[in-house]
Visitor: 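Below you'll find the structure I mean.
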Amino acid sequence: MDPFWEKIRAQAMSGDGIGAEDALKVLSLPGSAIWRLLDVSEAVRRHFKGDGIRLCSIVNAKSGMCSEDCSFCAQSSRSAAEIVRHPLLGEEEIFRAAAAAKDRGAREFSIVTSGLTMRSREELVRVGDAVERIGKELGLETCVSLGTLRISDVEYLLSRGLRSVHHNLETSRSFFPNVCTTHDYEEDVEAVRTAKAAGAWVCCGGIFGLGESFKDRVELALTLRDLQVDSIPVNFLNPVPGTPVEGRRELTPIGCLRIIAMLRLTNPTKEIIVCGGREVNLRDLQALMFAAGATGTMAGNYLTTAGRPAEEDLRMVRDLGLSLRQNR
Ligand code: SF4
C-alpha cells in the first residue's frame with residue numbers, strides 16, 4: 001500500500017488522528033482518489049463506532065430577530081430572507097415537535113433558539129420544563145442550542161435531564177471575522193468550554209462553503225480536537241436568498257465527502273453528524289457520507305430550510321445495511 005494511505009490509516013486507527021499536513025492532503029486529493037479515501041475513512045468509522053447510525057432532529061424554538069450578523073444565517077441582523085419569525089415557543093409546542101421527531105425515527109431532539117444567548121430566566125425554565133417532559137414521556141435524549149450559556153444555566157438544564165449542549169464554532173478562528181463581526185470567536189470557544197466544564201455532552205462543529213480555504217477547514221478540525229468535543233455537526237452551505245452569501249456555490253459532492261473524511265481522520269473517535277445542506281450539496285452521493293465517516297445525520301427540517309422526507313433517510317440507512325442506534 002502507498003505509504004500515505006498506510007500512515008493516515010495507522011494514525012487514525014490509533015485514536016490520535018492525522019496531523020495538519022496530511023489533513024490538507026486529504027482535502028486536496030484528486031477526484032480519482034475518492035474510493036481509496038472512503039476505504040480508509042469507512043474502516044476508521046467502523047473501528048470506533050460500528051454500524052449504528054444516529055438520527056437527530058431539531059425544532060427552531062425561537063426564530064429570527066437575532067442581533068448577530070453571521071453571513072450564512074437567514075435569521076441574522078443582515079438577512080433580508082423571508083422566514084417565519086417568532087418568539088420562544090411554549091412547552092407544549094416544543095413537546096409536540098419532539099413527539100413528531102420520535103415518530104420519524106429520531107433518538108435525539110434538540111431545542112434551538114436564535115440569538116447570542118437566552119434572554120431571561122423565564123425562558124430558560126420553559127426550556128428546562130420541555131427538556132424534562134421530552135425525556136420522561138418520550139424517552140428521547142435531549143440537546144439544546146441556546147447560544148452562550150453560563151455554567152449555572154447549563155447545570156440547571158442538566159438537572160432537568162438534559163444530555164447535550166450544541167454550540168458551533170462555524171469556521172476557523174482565522175476566517176471567523178469574514179463570517180461574523182458582532183461577537184468574537186473566543187466567546188464561542190468559551191461557551192464550548194463552559195458546557196464541557198458543566199459535564200454536558202458537547203456537540204460542536206461548523207459550516208463549510210463560506211469561502212474558507214482548505215487550511216481554514218483543517219484549522220477548525222484541529223480546534224475541535226483540542227477542545228475534545230464529543231460530537232461534530234457538519235453543515236454545508238445552502239445559500240438562502242437575502243443573505244450575504246446567497247450567490248456562493250463552491251462545494252461539490254466529492255468535496256463534501258473529502259471534508260467529512262478529513263474530520264473523521266482528524267477526530268477518529270468522535271461522532272460526526274451531517275446536518276444542513278446535505279441534500280443540495282451531496283446530491284446523489286448522500287449515502288456515501290457514512291463511508292466518508294459520518295455516524296449520524298439530521299432527519300426532518302433544518303432551522304430555516306426544508307429537509308427531505310424522513311422516510312427516505314430511514315430507507316437509506318436500511319438499504320446500506322446499517323442500523324439505527326438507540327442510544328449513545
Ligand atoms: S447563527 Fe445563531 S447567532 Fe448567528 S445570526 Fe444565526 S441565529 Fe444569530
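Because the structure is a prediction, the values reported are computed rather than measured. Order of appearance sets the numbers: ligands from 1, and atoms from 1 within every ligand.
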Visitor: Let me check something: do Phe290 and Leu37 share a hydrophobic cluster, defined by ILVMFWY side-chain heavy atoms less than 4.5 Å apart, either directly or through other members?
Guide: yes

Visitor: Out of Glu68, Gln75, His167, whose heavy atom is nearest to atom 3 (S) of ligand 1?
Guide: Glu68

Visitor: Decide, yes or no, whether a salt bridge links Glu279 with Arg283 under the criterion of side-chain N to carboxylate O below 4.0 Å.
Guide: no

Visitor: Please state which protein non-hydrogen atom is closest to atom 8 (Fe) of ligand 1 and give its distance, to 0.1 Å?
Guide: Cys66 SG, 2.3 Å

Visitor: Is the distance between atom 8 (Fe) of ligand 1 and the nearest N/O/S atom of Cys70 smaller than 2.8 Å?
Guide: no

Visitor: Do Leu149 and Tyr185 belong together in a cluster built from hydrophobic side chains that touch within less than 4.5 Å?
Guide: no

Visitor: Treat each ILVMFWY residue as a node, draw an edge where side-chain heavy atoms are under 4.5 Å apart, and state whether Phe72 and Val240 are in one component.
Guide: no

Visitor: Numbering the atoms of ligand 1 from 1, which are under 4.0 Å from a heavy atom of Ser114?
Guide: 7 (S)

Visitor: From atom 4 (Fe) of ligand 1 out to just under 2.8 Å, does an N/O/S atom of Cys73 turn up?
Guide: no

Visitor: Mark up the atoms of ligand 1 that fall under 4.0 Å of a heavy atom belonging to Ser76, in ascending order.
Guide: 5 (S)

Visitor: Could you tell me whether the side chains of Asp69 and Thr181 share a donor-acceptor contact shorter than 3.5 Å?
Guide: yes

